[in-house]
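For reference, the structure is listed below as structure tokens.
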Amino acid sequence: MLDINLLRQNPDEVIAMLHRRSMADDAGKVQELLDIDRTRKEMVQRADDLKALRNRVSKEIADIKRAGQGSAEELIVQMKSVSDQITGLDASLTKLESDMEELLLTLPNKLHPSVPEGRSAEDNVLYRGPFEFAHQLDFPVKNHLELGKSLGLLDFERGAKISGAGFPVYIGKGARLERALINFMLDTHTANHGYTEVFPPFMVNQESLRGTGQWPKFADQVYHMPEDGLYAIPTAEVPVTNLHRGEMLDTDKLPIAYAAYSACFRREAGSYGKDTRGFLRVHQFNKVEMVRFTRPEKSYEALEEILGHAEAILCALKIPYRVITLCGGDISANAAKCYDIEVWSPAEDKYLEASSVSNFEDYQARRSNIRFKPDGKSKPEFVHTLNGSGLATSRLMVSLLEHYQTADGKVKVPEVLQPYTGFDVIG
RNA sequence: GGAGAGGUCGCAUAGUUGGUCUAGUGCGCUCGCCUGGAAAGCGGGUAGGGUGUUACAGCCCUCGAGGGUUCGAAUCCCUCUCUCUCCGCCA
């Protein structure tokens, strides 16, 4: 959520941002918000004046009653009408304020000046890489589906039977390899990168979705359990960031760094037909997520650190990748700046997104009211929140199986995973 | 799912015949005095949001959340939520 003060003081900056994001259609919302804001202030002033009057006169009535002399009847009649006016004003105010918040919630985050200009994914800019690791693939490569099937690691057909398309089943060494990846990543982040491990709930309430920005904008992408008012998390970012919703964080505890495994659930509505094969697009996948809460002036430093932590996993696994900076037209509405890490798939002959690393600045903190006091006694300020996948296993599994395959149809296990799998080759 | 008890300013508590509670007290924290220094003692301060102001002040709102009754609610009524105890069911 944007600061209403930013709109008041610098509406042109907000409109310019909307253009950079290719969201010029939303520019009208800015003036609409400013109009509501002005009306609201006037009404608050009137209501407050009346409340002050009522408080004062109620005290006089109390004095008269206590003294037991004189009649308060006339005052009571007057205050009755004052109270009626207040009730009316408060009702209008509640409506105005909720309108205002709904509008404000739909506006995207500011963009960092370093975010490249551009309209779509075509315009994203290479930030680092590509990084190659030696893999001898001097034979016709199989794709991850063929390998998963021939080696009995993955079963998409039975997943479709028990749940639906896009719900993969891991079996035998496939399941073990998946679990090894998750454990390796969590261990690395907690032991080497300073994160505290969190195992969060996989279902959250609507307030939590609102806090991180998935609601209301991405409501149609989230699985919903209406009976209980719960939503399946699309990423661990949601429960983990919301751990501190509504809290005043101890300044000396900052920065806070959490690493969390979770299954992630996404409806992927509207994307049927694109990249549907196997792991390329699924409704449920596993991911280890890094989440940070920092002081505002430290957040861009933290962004680079998180990116480095995700890259460290790929380097350890020796999986080829590159890092791109998302342009204004492609970056998500919640992020002020975002890097994507893409892993190379030799069978698909293209890069696949395996991680997003984002700085949300105070956008989520403002929505979820997460603050700290800079020097212990001054006014509270919003923290900056960040997160990065470190990483999602689905695309990682594609790249891993394909790169580590051998000419005779087996798959070697990356060296760093062998202590976790207990075997060094599959097949 | 059923029954009961309870959620008060960091912590602990007072408050329950509605008006002196715009919330008392203790602890903690903090500033000052005292002291060679410290403890003790004494005195002051000790939330957030809105509005407003150059900045103060002032005013409004918040006693789990939201409604209601009333001139006026921490105090009465309703709904929800969380915690604890017991019963039932169950991975």
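Note that the structure is predicted; figures quoted are calculated from it, not measured. Just so we're on the same page: letters track the sequence lines, and every chain starts at 1.
The separation of B:C9 from B:A47, taken at their P atoms, amounts to 13 Å, rounded to a whole angstrom. Nucleotides B:U53 and B:U69 have their C1' atoms positioned 38 Å apart, rounded to a whole Å. B:G26 and B:U46 have their P atoms separated by 15 Å, given to the nearest Å. With P as the reference atom, B:U25 and B:G43 are 12 Å apart, rounded to whole Å. For the C1' atoms, the distance linking B:C80 with B:A12 amounts to 28 Å, nearest Å. When the P atom is compared between B:U75 and B:U17, the two are found 12 Å apart, to the nearest whole Å. Nucleotides B:U22 and B:U16 place their P atoms 14 Å apart, quoted to the nearest Å. Distance check on atom P: B:U62 versus B:G68 gives 13 Å, rounded to whole Å.
A:F279 and A:F156 have their aromatic ring centers within a separation under 6.0 angstrom.
Between the A:E42 side chain and the A:T39 main chain, no donor and acceptor come within less than 3.5 Å of each other. A donor-acceptor pair under 3.5 Å is absent between the side-chain atoms of A:N109 and the main chain of A:Y363, judged by distance alone. Judged by distance alone, with hydrogens and angles left aside, the side-chain atoms of A:R267 form no donor-acceptor pair with the main-chain N or O of A:H283 at under 3.5 Å.
Applying the side-chain hydrogen bond (donor to acceptor under 3.5 Å, both in side chains) test to pairs two or more places apart or on separate chains, those with a residue in residues 418-427 of chain A are A:D187-A:Y420.
Regarding contacts with the backbone of B:U20, every side-chain N or O of A:K59 stays at 4.0 angstrom or more from both OP1 and OP2.
Within the shown strands, nothing qualifies as a pairing partner of B:U69 under the Watson-Crick or G-U definition with both distances less than 3.5 Å. Nucleotide B:G1 is matched to B:C87 when pairs are restricted to Watson-Crick or G-U wobble geometry with both distances under 3.5 angstrom. Of all nucleotides present, none satisfies the Watson-Crick or G-U wobble test against B:U20 with each distance under 3.5 Å. Look at B:G6: its Watson-Crick or wobble partner, with both distances under 3.5 angstrom, is B:C82. In this structure, B:C56 makes no Watson-Crick or G-U wobble pair, since no nucleotide meets both defining distances under 3.5 angstrom. B:U35: no Watson-Crick or G-U partner with both key distances under 3.5 Å is found in any strand. Pairing partner, B:C11: B:G26, with both Watson-Crick or wobble hydrogen-bond distances short of 3.5 Å. Across all strands shown, B:A40 forms no Watson-Crick or G-U wobble pair with both distances under 3.5 Å.
Residues meeting the side-chain hydrogen bond (donor to acceptor under 3.5 Å, both in side chains) test with A:S399, sequence neighbours left out: A:H403.
At whole-Å resolution of the value, CD in A:E101 and C1' in B:G49 are 14 Å apart. Here the P atom of nucleotide B:A47 and the CZ atom of A:R371 are 14 Å apart, to the nearest Å. The CE atom of A:M248 sits 16 Å away from the P atom of B:U46 (whole-angstrom rounding).
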* To do: Let me have a per-nucleotide readout for nucleotides 50-79 of chain B, 5' to 3', with B, S or -, counting only protein heavy atoms under 4.0 Å.
  => BSS------SSS---------BS-------
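If you take CD on A:E13 and CD1 on A:I15, they are separated by 11.0 Å, rounding to the nearest 0.5 Å.
Using cut-offs of 30° and 60° on the angle between ring planes, the pair A:F202 and A:F199 is parallel.
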